[in-house]
Structures are given as structure tokens and as C-alpha cells.
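Report on the following structure.
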Amino acid sequence: MDMRAPTDRLRVATARVVELLTGRAVEALDDRELVGLMSEITAARNALDVLAACAARVIDERSSREWGGAGLAQKTGHRNATELLQSLTGLPRREVIRSVKTGGDLLPAVRPDGEGSPAVSVVVTQDAGGAWLDRMSGALRDGVLGHAQFQAIRVGLGEPPVQRYPELDPDFLPRAWEAAVERLIDEAPHLPVEELRASARIARDRLDPVGVTLRFEERFAARSFRSWIDEHGQRHGRFVFDDDAAAWVDAVLQAALRPRRGPRFVDPAALVAETSDERSGEQIAYDTLMAVLRTGAAADPAQAFGDRQPGVRIVVGASALGTAGSGSAGGSPAVGVPRLAADAGGATHVETEVCGVGHLEDGGGALPGGVVESYLCDAGAVRVTLGDAGRPLDVGRHQRLFTRAQRIAIAVRDGGCVGIGCRAPISQCEMHHIDHWAADRGRTDVDDGVPLCRNHHLGLHNRGEKIVRERDPVTGRDAYWLHAPPDPLTGEVRPPVLLRSRSPRRFGAA
């Protein structure tokens with residue numbers, strides 16, 4: 001690999017760090033210099049991570065079993081490359097292995113050519129999916145992605161499962177993977193690593209619906225609960241959740257702990273002010289789950305959870321829904337033919353077959369069609385009709401607050417708080433009029449409403465920021481831009497920032 005790009009970045013960033021700190025203490029820097037210092041340190045660290053990953057890869061190859069006792073690790077008294085790298089870096093085993101894997105994506109393999117002979121570079125031919133990995137590796141080499149961001153996309157997205165779809169053109173999934181990589185690289189500077197990893201998993205699930213079921217079943221088989229008592233007599237517990245149960249627990253906690261609400265376990269008249277609650281967030285979560293276990297399914301929702309009963313809301317495209325019938329030749333149901341079934345009370349209903357996957361409204365995690373069918377049978381569905389540009393349910397100025405149907409439509413469109421770098425799910429969001437209801441005579445339309453968590457909503461108003469919608473004249477799709485007021489100290493006009501949807505629908509679907 002050409003090392004000039006990361007080496008040049010390292011040289012430039014290091015020089016700027018030295019320039020900022022020459023003869024000065026860190027605490028003497030002003031705000032702008034302090035932010036610049038951290039940016040340069042990050043650039044230098046990212047360049048070092050690339051060089052370290054490549055070096056770790058070469059050390060790993062030169063310590064392989066094919067070298068025998070002449071291997072690099074063995075010559076230095078270590079059993080393998082991992083032990084050698086741990087001794088050199090002081091990093092935990094997991095970090096060392098991750099660095100070696102990254103180096104494997106950046107470098108061609110280096111194999112020994114006979115006992116004791118020098119290593120020679122052998123270019124490993126890439127499969128049809130190599131373009132997407134090349135794009136990611138190039139972004140890492142060029143400093144567009146940091147090491148942690150690269151790994152988040154690499155692990156979250158995985159490999160194109162070409163073998164699962166023999167009926168497709170072999171190049172179809174690699175091309176789809178490349179398009180997903182481009183979008184994730186574009187989003188990476190605006191997302192925390194955890195959110196970037198989750199977005200990569202959502203992109204994978206959109207493109208690999210068969211894999212959604214396989215992964216769901218693997219996690220379901222791994223579900224467990226273990227309880228033990230430590231030496232002090234304190235009982236501990238450890239849950240490993242399957243996807244469905246995890247969504248349910250999240251829904252319970254969101255309903256009980258959402259902003260400006262707090263837990264509702266007692267008569268409202270007996271509640272003290274929320275500000276006087278000295279419990280930590282983990283203690284409140286514990287009390288919530290204990291209350292649910294104690295009260296059980298028969299609890300009064302208004303008493304336990306305030307004005308919203310906890311529940312799991314799943315978004316599924318209409319194209320993934322069919323009706324299950326029984327007219328096919330092999331006895332298997334034929335999609336598109338209604339099948340009448342009788343429930344316990346003797347009433348008949350039409351069963352619906354889900355041919356694709358659904359996504360949780362909070363977080364966007366994927367659920368297999370079978371799980372979606374069970375929720376359809378148990379709880380029914382709310383239909384949201386989206387036009388070509390996704391603009392339903394306008395109500396103008398007839399009412400100030402967004403309706404339940406509008407909130408669902410906005411949730412489908414945006415997937416959560418659109419604040420920069422925010423991870424708040426849609427259940428924690430308030431709907432903000434981009435044109436203020438009173439001052440700007442704003443309309444309560446889906447187009448003019450965006451979801452913001454309490455923190456970003458208050459911050460937007462307090463800082464005098466404004467969100468502006470721009471409609472593409474060709475596609476008819478809307479983009480939302482955050483405009484900040486001029487810098488109060490310098491008067492500098494700051495450029496607008498594009499607010500990004502977190503909806504799973506932003507990724508292509510199989």
C-alpha cells in the first residue's frame with residue numbers, strides 16, 4: 001500500500017499540534033484553538049492507526065506457522081503475533097485482533113516464500129464484491145474515515161451474501177453494498193460510532209432479508225437470564241435478550257422514562273416533583289422493570305405509564321405485505337389469495353403473509369416477517385400512505401399540534417431525532433414546526449414538522465437557530481437544513497448543515 005497519504009497527514013497534523021502548543025499550556029488556548037487542537041490530534045491519531053494496522057498485518061503474516069521457528073514472533077520469544085503485538089502496544093487482545101483485520105483489508109497478503117527466505121508480496125485477487133471494500137479502505141487511507149468508523153461500517157455491514165440469492169445477478173448485491181458504503185461514508189462525520197454501526201446493520205438488513213431471519217433465530221437461541229449472589233450477599237442478574245423481547249423492554253422503559261414524564265407507579269396526587277427524584281437513571285430503570293413484573297399484564301396502563309401504554313411499533317412497506325392463501329399445488333399457500341381463518345370465538349378473519357422484513361420505529365432494527373405477522377395478528381396495523389416524495393397527511397392551520405397519524409408519518413420518514421449526532425429514538429421526540437405556529441403562521445403539515453428530542457428542541461430555540469426546508473424541483477423530495485445565527489463574537493456567518501433522516505428507508509431495500 002502507498003503510505004504517502006497517511007504519512008503526509010501525520011506530518012501535517014503533528015506540525016500543527018506542535019505549533020499550537022509551543023510555549024503554551026493546553027489550558028491557555030482559547031475555545032477555537034482548543035477545538036482545532038483536538039481536530040489535529042484526531043487527524044494524527046487516525047493516520048497512525050492506518051500505519052499501525054498495516055504494520056500489525058505484516059507482523060502477523062511474518063509470524064504465521066509457515067515460517068516455523070523463523071517467524072518474527074517466535075524469534076522474539078512470543079508464541080504468536082498477537083502476543084508480540086500486545087507486548088509492543090500494551091493494547092488488549094481484542095484491539096490487536098481488530099487492528100490486524102483492518103490491516104488485512106488495507107494490504108494485499110504477504111506470504112513467506114520458503115523457509116527462512118524474505119517475504120514477498122502476493123496480490124490476492126478480489127471477488128466481485130471488492131469494489132465496496134476498496135472504497136472503504138480508500139476512505140480510511142485518505143483520512144475520510146477513522147479506524148473506529150471503518151470498523152463500525154465493516155462489522156455492521158458485513159459481506160454481501162451472494163450465495164443466499166442464487167437467482168440474482170452475482171454483481172447485484174456487491175453493487176448494492178457499494179451504494180450503502182457510499183451513504184455510510186457520507187454520514188460518518190455526523191454520527192457517533194455506535195450510531196454508525198447501527199446504521200450499517202440497518203443497511204445490511206434492508207439488503208439481506210433472508211439474513212434478518214437467520215440472525216434473529218441465532219439471537220433468539222442465545223437468549224438467557226443468569227442470576228448469582230456475590231460474596232457480600234448482593235444478588236446480580238444478567239440478561240441476553242432476543243430481538244423481540246429487547247424491543248418490548250425498550251418500549252416499556254421509553255414509556256416510563258420519556259422526557260418531562262418520569263415513572264408513573266403511584267397515584268398522581270402522591271407524586272413529588274420530578275426534580276426531587278434523587279435516583280440515578282439506572283435505578284429508575286430498575287424500579288420500572290420491577291414495577292412491571294409486580295403489576296403484570298393486568299395493570300392499569302394510565303397508572304403505570306401515564307398517558308401512553310408501552311408497545312412495540314413496527315414499520316413495514318406495503319410491498320412486503322400479501323395475503324396468505326391455500327390454492328397452490330404443493331399445499332403451500334399462494335401469496336395474493338386470501339385465506340379465511342377462524343379465531344377462538346368462531347369469527348373469521350383474513351390472514352396476512354409478510355414477504356419482507358419490518359423495522360422497529362425506535363432505532364430501526366430489523367425483525368423477520370414471521371414476527372411482524374404475529375404483531376399484525378395481535379395488534380393490527382395503522383396505514384400510512386406516502387406519495388412519490390413521501391408527503392402525506394396535511395392539516396394546515398386547523399390545529400396547532402400534530403395528529404397521531406402525522407406523528408407516525410414523520411416517524412416513518414425520519415426515524416428519530418434529526419439533531420446533529422443525536423441518537424434519541426422517535427418515542428423521545430417532540431414535533432417541531434419549522435415555521436413557528438404563532439410567529440411565522442406555520443402550518444401543521446408533515447412537510448413542515450421535524451422530530452427533535454427535548455435537548456435539541458430547546459437548544460434550537462435558545463440559540464436562535466432555524467430549520468429550512470428545500471424541495472428538489474426534479475425529484476420533489478425535501479431536504480432540511482439547520483441555519484445558525486452569525487457567530488456572536490466574530491459576526492461570521494456559519495454555513496447551513498444538512499439534517500439527516502435516520503429512517504431505515506434511506507437505504508435501498510432488496
Side-chain angles (χ1 to χ4, degrees), residues 128-129 131-133 135-136 149 152-188 190-191 194-219 243-244 246-247 312-322 353-373 375 384 386 388-390 408-409 411-416 418 423 425-426 475 477 500-510:
W132 65 272
L133 186 54
R135 179 68 183 91
M136 284 179 56
Q149 294 170 318
I153 299 175
R154 185 73 172 93
V155 174
L157 199 58
E159 305 272 347
V162 177
Q163 69 283 357
R164 284 190 193 138
Y165 304 93
E167 71 280 4
L168 294 178
D169 183 325
D171 291 334
F172 174 80
L173 281 178
R175 287 197 302 268
W177 243 246
E178 188 175 4
V181 164
E182 290 289 349
R183 177 174 283 275
L184 290 166
I185 290 174
D186 181 57
E187 294 184 358
H190 312 284
L191 297 177
E194 298 83 0
E195 182 74 10
L196 183 62
R197 185 181 297 111
S199 295
R201 288 197 300 266
I202 290 172
R204 174 200 61 191
D205 291 339
R206 294 278 287 172
L207 295 170
D208 179 23
V210 174
V212 170
T213 301
L214 296 177
R215 289 183 287 271
F216 177 90
E217 291 173 348
E218 289 175 359
R219 290 191 283 266
D243 295 356
D244 187 24
V312 176
R313 184 173 286 162
I314 302 170
V315 179
V316 60
S319 60
L321 298 179
E353 183 179 75
V354 179
C355 310
V357 301
H359 292 270
L360 295 169
E361 184 184 75
D362 268 9
L367 290 176
V371 177
V372 179
E373 288 179 14
Y375 277 101
V384 177
L386 300 177
D388 293 339
I408 293 174
V412 169
R413 186 191 68 200
D414 293 326
V418 297
R423 301 179 63 196
I426 200 71
T475 65
R477 297 189 179 278
R500 299 168 185 273
S501 168
R502 296 171 54 204
S503 169
R505 297 176 65 251
R506 72 189 190 278
F507 294 107

Rounded to the nearest 0.5 Å, how far does CG of Leu207 lie from CZ of Arg175? 12.5 Å

Val418: side chain to side chain contact (heavy atoms under 4.5 Å, CB included) partners, not counting sequence neighbours: Asp414, Val450, Pro451, Leu452, Leu499

Heavy-atom pair with the smallest gap, counting every atom of Gly158 and Trp132: O-CH2, 3.4 Å

I'd like to check the side chain to side chain donor-acceptor pair (under 3.5 Å) partners of Arg500; sequence neighbours left out, ordered by chain and number. Asp186, His190

Mind checking side chain to side chain donor-acceptor pair (under 3.5 Å) for Arg506 and listing every partner two or more places apart, or none if nothing turns up? Glu187, Ser199

For the CZ atom of Arg219 and the CG atom of Leu214, what is their distance to the nearest 0.5 Å? 10.5 Å

Taking only Lys NZ, Arg NE, NH1 and NH2, and the carboxylate oxygens of Asp or Glu, determine whether Arg135 and Glu182 approach each other closer than 4.0 Å. yes

Arg502 (side chain) donor-acceptor with Gly416 (main chain) under 3.5 angstrom: no

For Ile185 and Met136 the tightest heavy-atom approach is CD1-CA, 4.4 Å

Derivation and outcome, side-chain contact (heavy atoms from CB on, under 4.5 Å), residues Glu159 and Arg154: CA-CA 8 Å; Glu159 305 272 347; Arg154 185 73 172 93; 3.0 Å; yes

Please round to the nearest 0.5 Å and tell me the distance separating atom CD1 of Ile153 and atom CZ of Arg197. 10.5 Å

Any heavy-atom pair between the side chains of Ile314 and Leu360 that's under 4.5 Å? yes

Check: Arg164 side chain, Pro209 main-chain N or O, donor-acceptor pair, under 3.5 Å: no

Is a side-chain N or O of Arg206 found less than 3.5 angstrom from the main chain of Pro504, in a donor-acceptor match? yes

Taking all non-hydrogen atoms of both residues, which atom of Pro161 and which atom of Trp177 are closest, and how far apart? CD-CH2, 3.5 Å

Of all heavy-atom pairs between Asp243 and Ala366, which one has the smallest distance, and what is that distance? OD2-O, 4.2 Å

Closest non-hydrogen contact found for Leu367 with Val212 is C-CG1, 3.7 Å

Taking the side chain as every heavy atom from C-beta outward, state whether Arg215 and Arg204 have any atom pair closer than 4.5 Å. yes

If you define the side chain from C-beta out and look only at heavy atoms, does anything of Tyr165 sit under 4.5 Å from Val210? yes

Considering all heavy atoms, the nearest Leu184-Leu196 contact: O-CD1, 3.8 Å

